[in-house]
Every structure is written in C-alpha cells, then in structure tokens.
Student: 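Sharing a structure below in structure tokens format, with a few things to ask.
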Amino acid sequence: MHNNTILQVRDKQFTVSYPEAQILEQVARVAAEINRDYEGQEPVFLAILNGSFIFAADLMREITLPCEISFVKMASYEGTSSTGVVREMIGLGVDITDRPVIIVEDIVDTGFTMAHMIDTLKRHNPKSIDICTLLLKPQKLQVKLDIRYCALEIPNQFILGYGLDYDGYGRNTRDIYTVVE
Ligand code: IMP
Ligand code: MG
C-alpha cells in the first residue's frame, strides 16, 4: 500500500493514485504488445514533449525491436486574425516516409492534440501510425481516435507526476498523483 501523504504543487494539493510500481508494470505490458505486433519491423517512436519524456525513457528500455526515437513538440503561434492559433510540429529530425510510426504521448484527454498530430504526420507519408499513450481519460475523449496502446485508463480528474505537470511543475515525481478537490 502507498501512503496518502499530501503533495503541494503551486496552489493545489495532490495524493498518490498510481504508484511507480503499478505504472512500470503497465508500461512493460504495453512494450510487450508493441514487441509482439511489430516483430520484423523497425518502428520510429515519436515522443511528444514535454510530458512524455519519462514514459518514453521507460518504454524504450522495454522495446527489443531495432528502432529509432525522435522527440517532437507542438508549438503554438498566434496566426492572422482569420486563422487564429496556428500549431506547428517542430523537431521531426527523422525521415518517416514509408516507415511505421508509433506516437508516444503522456495523456489523451479531449484527443484534439493527438488528432492534430496525426493529421500533421500523415503529410509525411509514413507506412503506418499507431498511438501509444501512458494515460487516457475515456470520459473526456471528443474525437474519434483509434488508440492501440494505452498503459492506464483513468477517471476524469486532474493528475500530475511521472512527466505530467501542473502549470509546469510536478513532472519530477515517480508516482502519479491526483488533485484533491
Ligand atoms: P487534449 O488535446 O485535450 O487531449 O490534451 C492533451 C494535453 O493536455 C496533454 O498532452 C497534457 O499536456 C494536457 N493534460 C490533459 N489532462 C491533463 C492532466 O490531468 N494533467 C496534466 N496535463 C493534462
Ligand atoms: Mg502533452
């Protein structure tokens, strides 16, 4: 059992909801599924910064396939008044044409970020695209997404830790915490 010590991050309080051991068990399970499904292929992992950096590090060390990893970021710009906010993917330093791509994300919430990511990647003509997310909030999903790999499905509450942040803070915990309402 884990304790229920309060973690204070900025103006909010959090308690442990997913201890590190449980997370790592599920990360290993997902990695085993990928190792099985991609046998004979050489996938390119594309991890979305910043939130997925710890998940990506743990996942990759369970992958036994020949593979590459690259880290990308979605940058937002204020466009012209007609286009509003423009989101552009930066950092794709690898040619994904005709290659199987696995997107590594920290959390799929509404799914808008992931849907946009997939649209952007399709323009580079990869062989295939699969989603691998650490966390999914099924109750909040608003777009149709085929999520092939998911480590943990969680309720509709704000969480942090293991790479995920609240206002930029709290990424540096081993366990995942849920906000105390
Ligand atoms: P979406 O486009 O609504 O799916 O948003 C996904 C992004 O929102 C994630 O990549 C996170 O950066 C952020 N996010 C959503 N829910 C949480 C949460 O509970 N904790 C921390 N970040 C979250
Ligand atoms: Mg994110």
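For this chain, numbers begin at 1 and follow the sequence in order. When a ligand or atom number is given, it counts from 1 through the structure's own listing order.
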Student: Does R61 use its side chain to pair, donor to acceptor, with the backbone of A57 at less than 3.5 Å?
Tutor: yes
Student: Just so I know, are the side chains of D106 and I48 near enough to count as touching, which here means a heavy-atom distance under 4.5 Å?
Tutor: no
Student: Go through the steps to decide whether I103 and I129 satisfy the test side-chain contact (heavy atoms from CB on, under 4.5 Å), and finish with yes or no.
Tutor: CA-CA 7 Å; I103 302 172; I129 303 175; 3.7 Å; yes
Student: Has I107 got any heavy atom lying under 4.0 angstrom from an atom of ligand 1?
Tutor: yes
Student: Side chain, backbone, both or neither: which part of D106 has a heavy atom under 4.0 Å from ligand 1?
Tutor: side chain
Student: For T113, take its heavy atoms, then give the atoms of ligand 1 lying under 4.0 Å from any of them.
Tutor: 1 (P), 2 (O), 5 (O), 6 (C)
Student: Is it the case that atom CD in Q8 sees more than 12 heavy atoms from other parts of the structure closer than 6.0 Å?
Tutor: yes
Student: M114 versus ligand 1: do any nitrogen or oxygen atoms come within less than 3.5 Å of each other?
Tutor: no
Student: Just to check, does L135 reach to within less than 4.0 Å of ligand 1 when the distance is taken from its heavy atoms?
Tutor: no
Student: Hey, does L160 come in under 3.5 Å of ligand 1, counting only N/O atoms on both sides?
Tutor: no
Student: Of the choices F112, Y166, F158, which has the non-hydrogen atom that lies closest to atom 22 (N) of ligand 1?
Tutor: F158
Student: Counting only N and O atoms by type, is there a donor-acceptor contact under 3.5 Å from the side chain of N35 to the main-chain atoms of E62?
Tutor: yes
Student: Assess whether atom CZ of R29 is packed by more than 12 heavy atoms of other residues, nucleotides or ligands within 6.0 Å.
Tutor: yes
Student: On a heavy-atom basis, I'd like to know which of I48, L164, I159 is closest to atom 20 (N) of ligand 1.
Tutor: I159
Student: How does E105 reach ligand 1, if at all, at less than 4.0 Å between non-hydrogen atoms: by side chain, backbone, both, or neither?
Tutor: side chain
Student: Of all the atoms in ligand 1, which lie at a distance below 4.0 Å from a heavy atom belonging to G111?
Tutor: 1 (P), 3 (O), 4 (O)
Student: Quick one: does G51 get a heavy atom under 4.0 Å from ligand 1?
Tutor: no
Student: At less than 4.0 angstrom from any non-hydrogen atom of D165, what atoms of ligand 1 do you find?
Tutor: 21 (C)
Student: Are F71 and V104 side-chain neighbours, meaning at least one heavy-atom pair lies under 4.5 Å?
Tutor: no
Student: Rounded at 0.5 Å granularity, tell me how far CG in L145 sits from OG1 in T113.
Tutor: 10.0 Å
Student: How does K137 reach ligand 1, if at all, at less than 4.0 Å between non-hydrogen atoms: by side chain, backbone, both, or neither?
Tutor: side chain
Student: As a test of understanding, state which of L46, V94, I118 forms a side chain to side chain contact (heavy atoms under 4.5 Å, CB included) with V101.
Tutor: L46
